[in-house]
Amino acid sequence: MSGSIAPRPIAWVSTVDAEGNANLAPFSFFNVASVDPPVLAFAPLLDGQSRSKDTINNLRAVGECVVHIGGEALIEALNATSATLAPGEDEFVHAGLEKATLGDLCVPRIAAAPIAFGCRLYEIIDFGERPRAGRLVLAKVVAIHADPAVWDGRHVDIETLRPVGRLAGADYCRTSDLFALERPA
């Protein structure tokens, strides 16, 4: 499935646990779920032993996250944060990323990420307890950081943002070959 449903955008999600330890992980099962209210959807999977990701555990405990669109300039750091680290170990530190605040959220954002959506948990839907079962996270956007280099107040400059997509295995794609079609009336 994941090889044929492609390319998939990547949610780079920061959370904190109940003690305030930061976590950062990428998820390619991600998209917009609603515009009004603004809700993002991403789906961390249980691991091969049916254990929840730190992201899910932290969302259940704290109820906040920041969803980043990192772009091609941060792809090495994004990949580094996909490493399996011990709970409480800070992926920001592991990947050499600086933290910044976003609104009144307790979860840090990636300072260098051009786009960040600060969210409060709306709902988590569990799809079972088998290995690789998903946890669909619906997160309501309550704050946005947009670097002026990629956002002119009306449009995102895709050529500057340079988002990447996930394919299957170790494969990613760029959004550099674009075309336009006018929507029929």
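What you see below is based on every heavy atom in this structure, not just the backbone, and it leaves out hydrogens, waters and symmetry mates.
For the salt bridge (Lys or Arg N to Asp or Glu O under 4.0 Å) test, no residue two or more places apart in sequence or in another chain qualifies with E123. Qualifying side-chain hydrogen bond (donor to acceptor under 3.5 Å, both in side chains) partners for S82, counting only residues two or more places apart in sequence or in other chains: none. A search for salt bridge (Lys or Arg N to Asp or Glu O under 4.0 Å) contacts involving R132 returns nothing, not counting sequence neighbours. Every side-chain contact (heavy atoms from CB on, under 4.5 Å) that I75 has, sequence neighbours left out, goes to L78, V164, Y172. Applying the side-chain contact (heavy atoms from CB on, under 4.5 Å) criterion to A111, with sequence neighbours excluded, gives E98, A100. Q49 is linked by a side-chain contact (heavy atoms from CB on, under 4.5 Å) to D47, R51, counting only residues two or more places apart in sequence or in another chain. With sequence neighbours left out, the side-chain contact (heavy atoms from CB on, under 4.5 Å) criterion links E129 to L46, R135.
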Listed pairs under 3.5 Å, donor-acceptor, residues 144-156 side chains, sequence neighbours left out:
residue: D147; atom: OD1; partner: A149; partner atom: N; Å: 2.7
residue: D152; atom: OD1; partner: R154; partner atom: N; Å: 2.8
residue: D152; atom: OD1; partner: H155; partner atom: N; Å: 2.6

Output side-chain donor-acceptor pairs under 3.5 Å for residues 178-185, partner residues at least two apart or in another chain, one line each.
none

Donor-acceptor pairs under 3.5 Å, side chain of residues 27-45 to any protein atom, not counting sequence neighbours: which ones?
residue: S28; atom: OG; partner: R8; partner atom: NE; Å: 3.2
residue: S28; atom: OG; partner: R8; partner atom: NH2; Å: 3.0
residue: S34; atom: OG; partner: P37; partner atom: O; Å: 2.6

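We find the CD1-OG1 distance between I124 and T55 to be 10.0 Å, quoted to the nearest 0.5 Å. To the nearest 0.5 Å, atoms OG1 (T81) and NE2 (H68) are separated by 10.0 Å. Between atom OG1 of residue T15 and atom CG of residue L121 there is a gap of 11.5 Å, rounded to the nearest 0.5 Å.
Residues V93 and V13 do not share a hydrophobic cluster, clusters being chains of Ile/Leu/Val/Met/Phe/Trp/Tyr side chains in contact below 4.5 Å.
For the pair D157 and R162, the salt-bridge criterion is not met [side-chain N within less than 4.0 Å of a carboxylate O].
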Next on the checklist: Quick one, D17 with N57, criterion side chain to side chain contact (heavy atoms under 4.5 Å, CB included). Give me CA distance, side-chain angles, the key distance, then yes/no.
Outcome noted: CA-CA 8 Å; D17 64 18; N57 298 336; over 6 Å; no
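Counting non-hydrogen atoms of other residues, nucleotides and ligands closer than 6.0 Å to CZ of F92 gives a total above 12. Other residues, nucleotides and ligands contribute over 12 non-hydrogen atoms within 6.0 Å of the CZ atom of R60.
Judged by distance alone, the side chain of R174 and the main-chain N or O of D177 form no donor-acceptor pair under 3.5 Å.
Taking Ile, Leu, Val, Met, Phe, Trp and Tyr as members and joining any whose side-chain heavy atoms lie under 4.5 Å apart, directly or through other members, the hydrophobic cluster of V62 also contains V16, V66, L102, L105, V107, V142.
Screening residues 84-97 for side-chain hydrogen bond (donor to acceptor under 3.5 Å, both in side chains), with sequence neighbours left out, gives N23-E91, D90-K99.
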